[in-house]
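One structure is given below, encoded as structure tokens.
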Amino acid sequence: MERWREAEGKTLHDPLFHLCPPLAFHQPSDGFHEVATRDEAERSIWVPGSIIVGAGPSGLAVAACLEAKGVPSMILERSNCIASLWQLKTYDRLRLHLPKRFCQLPLAPFPACFPTYPTKQQFVAYLEAYARRFHIRPCFNQTVVSAEYDGRVKLWRVWAVRAGNDKAAEYVSRWLVVATGENAEAAVPDIDGMSIFKGPIIHTSSYKSGDEFQGKRVLVIGCGNSGMEVCLDLCNHSVRPRIVVRESVHILPREMLGRSTFGLCMWLLKWLPMRTVDRILLLLSRVMLGDIQRYGLRRPRLGPLELKSLSGKTPVLDVGALAKIKSGDIKVCPAVKRLTGHGAEFVDGRSEDFDAIILATGYKSNVASWLKEREFFSDKDGFPRKVFPDSWKGEQGLYAVGFTRQGLMGASVDAKRIAHDIKQCWMAEPKQRMLPSQT
């Protein structure tokens with residue numbers, strides 16, 4: 001609380017503060033962030049420290065790093081919980097695809113008792129403990145609808161709508177951290193015939209378990225990690241799914257030579273060029289998995305690491321789906337030409353009936369829909385225009401975290417950089433604020 005009193009004292013001596021009346025000072029009350037109850041459409045809320053949009057792992061990491069440096073922050077989160085993607089939009093059997101040591105957030109490793117690949121429930125428990133440890137209390141049910149930099153007063157103005165209220169509250173701060181990440185919205189393709197298919201069409205964000213599909217003919221569209229794992233889960237519930245593989249795909253064993261494939265990559269890259277490491281990975285994969293092209297799974301021309309670095313496309317780390325493809329329990333299909341009332345027609349001319357369709361077509365950024373800034377972020381895909389490791393900082397106190405295409409490890413690196421940069425500004429600004437006006 002002393003830090004918040006210090007922040008309020010700084011604000012009172014800030015000439016910019018008086019250019020934006022009326023401003024409510026924002027501080028924790030009884031353990032929660034509290035917003036005054038006057039007409040939100042008629043006032044602004046001053047936020048000392050930074051505004052962070054998004055309470056996923058990336059947003060939590062920045063808030064924790066700022067807390068450790070004595071800098072306050074406020075998280076605006078559209079859902080009613082932290083890590084809403086993990087808690088509300090993932091399937092039951094999900095585990096971290098990488099070992100826990102590559103997925104831990106700054107300043108807090110996973111508990112030693114957790115397995116190498118923690119379950120969804122264990123990861124959520126870790127994040128909740130992380131938030132408690134660093135006193136992170138997001139403002140939930142706050143959907144950010146607009147954010148822009150006001151050059152007149154050199155502040156960021158963020159408008160958010162509370163669930164059940166159509167009036168937008170305005171939050172004002174010197175720093176804005178965009179932490180909505182790569183997976184803010186489900187990416188739903190426009191497939192010819194979707195409107196006439198009589199069965200359910202769901203995205204993997206709505207899929208929980210194969211229980212509800214027992215006895216049904218299911219087509220899974222998309223062959224990334226989620227698509228493969230959903231197919232495996234369906235098989236474990238006595239469903240024989242079909243999976244659409246439109247493009248070439250790298251499938252690697254999750255572990256090689258007694259260690260995680262990812263860990264092996266990180267070690268080899270210390271000594272060898274990326275393309276050499278790619279050749280080693282593909283050789284080992286061929287020995288361990290055999291020729292996957294026999295099953296309709298074409299490998300890309302570029303190696304898995306080079307493809308990831310250039311396009312962001314992640315290789316599939318196999319956890320059992322490939323064995324089901326080899327046994328015939330999962331059938332591989334080419335791209336869908338169109339959907340029919342009772343099934344699908346494929347580009348090779350074949351048709352097949354299905355009772356349900358699951359779209360494992362990934363996610364996308366939603367930044368372009370609310371952030372009024374186009375120099376740092378691209379309006380094409382909602383990602384920073386620069387790539388990792390230079391994608392974390394924009395101009396006028398704008399930052400990005402969770403857009404590295406490097407997973408939680410990349411987000412942690414950027415979170416530490418952002419907190420350090422804001423702390424430097426935070427320490428310098430009181431001197432500037434105390435200077436007498438030159439007018």
Side-chain angles (χ1 to χ4, degrees), residues 3 7 47-77 82-83 98 100-110 126-127 130-131 133-136 138 144 147 149 154-156 158 173-184 262 266 269-270 308-309 312 365 367 371 373 375-378 381-430:
R3 189 176 75 253
V47 180
S50 66
I51 295 174
I52 301 170
V53 182
S58 297
L60 298 178
V62 174
C65 290
L66 287 171
E67 167 72 16
K69 293 180 178 294
V71 181
S73 65
M74 182 188 70
I75 300 180
L76 298 176
E77 166 58 42
I82 64 169
L98 303 181
K100 61 184 180 181
R101 68 188 180 95
F102 297 113
C103 300
Q104 64 191 27
L105 300 186
L107 311 173
F110 280 90
Y126 165 76
L127 294 177
Y130 189 85
R133 174 175 175 177
F134 294 101
H135 314 291
I136 303 170
V144 172
Y149 183 71
K154 296 181 171 54
L155 298 172
W156 282 94
V158 180
S173 176
R174 296 181 184 276
W175 302 285
L176 175 62
V177 180
V178 179
T180 49
E182 305 167 15
N183 303 316
F262 186 80
M266 294 297 100
L269 286 171
K270 293 179 180 178
K308 171 72 173 174
S309 67
S365 166
V367 173
L371 181 62
E373 190 279 341
E375 295 299 321
F376 181 48
F377 278 92
S378 167
D381 61 6
F383 275 68
R385 295 182 185 276
K386 295 181 180 180
V387 298
F388 183 81
D390 301 314
S391 58
W392 61 280
K393 184 179 180 181
E395 299 294 331
Q396 288 90 38
L398 178 63
Y399 301 90
V401 62
F403 296 89
T404 64
R405 294 189 171 98
Q406 303 290 324
L408 293 169
M409 190 165 65
S412 295
V413 170
D414 280 355
K416 288 185 259 188
R417 288 172 172 162
I418 292 168
H420 175 77
D421 200 63
I422 292 177
K423 173 60 183 279
Q424 297 298 108
C425 299
W426 174 260
M427 295 298 293
E429 292 229 341

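- Pairing each heavy atom of Ser365 with each of Gly382, the nearest pair is OG-O, 2.8 Å.
- With sequence neighbours left out, the ring pair (Phe, Tyr, Trp, His ring centres under 6.0 Å) criterion links Phe376 to no other residue.
- Using cut-offs of 30° and 60° for the angle between ring planes, the Phe383 and Phe403 rings count as perpendicular.
- Residues passing the side-chain contact (heavy atoms from CB on, under 4.5 Å) test with Ala131, sequence neighbours excluded: Ile82, Ile136.
- Counting only residues at least two apart or in different chains, side chain to side chain donor-acceptor pair (under 3.5 Å) contacts with residues 391-405 comprise Lys393-Asp421, Tyr399-Asp421.
- A search for side-chain contact (heavy atoms from CB on, under 4.5 Å) contacts involving Ala68 returns Leu107, not counting sequence neighbours.
- Partners of Arg385 under the side-chain contact (heavy atoms from CB on, under 4.5 Å) rule, at least two apart in sequence or in another chain, are Arg374, Ser378, Asp379.
- In terms of the ring pair (Phe, Tyr, Trp, His ring centres under 6.0 Å) criterion, residue partners of Phe102 (sequence neighbours excluded) are, by chain and number, Phe262.
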Would you give me the side-chain donor-acceptor pairs under 3.5 Å for residues 47-55, sequence neighbours excluded?
none

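- In terms of heavy atoms, Glu182 sits closest to Gln406 at OE2-N, 4.4 Å.
- Val178 has its side chain within reach of Phe377: a pair of non-hydrogen atoms, C-beta onward, lies under 4.5 Å apart.
- Lys308 pairs by the side-chain hydrogen bond (donor to acceptor under 3.5 Å, both in side chains) definition with Thr314, not counting sequence neighbours.
- Distance check: Met409 CE to Met266 CE gives 5.0 Å after rounding to the nearest 0.5 Å.
- The shortest distance between side-chain heavy atoms of Ile75 and Val177 does not fall below 4.5 Å.
- Looking at Ile418 and Trp175, their side chains never come closer than 4.5 Å, going by heavy atoms from C-beta outward.
- Residue Val158 comes nearest to Ala147 through the heavy atom pair CG2-CB, 4.0 Å, listed as atom of the first residue, atom of the second, then distance.
- The side-chain heavy atoms of Phe388 and Asp414, taken from C-beta on, include a pair separated by under 4.5 Å.
- Legend: residues meeting side-chain contact (heavy atoms from CB on, under 4.5 Å) with Ala419, ordered by chain and number and at least two apart, are Cys65, Leu66, Lys69.
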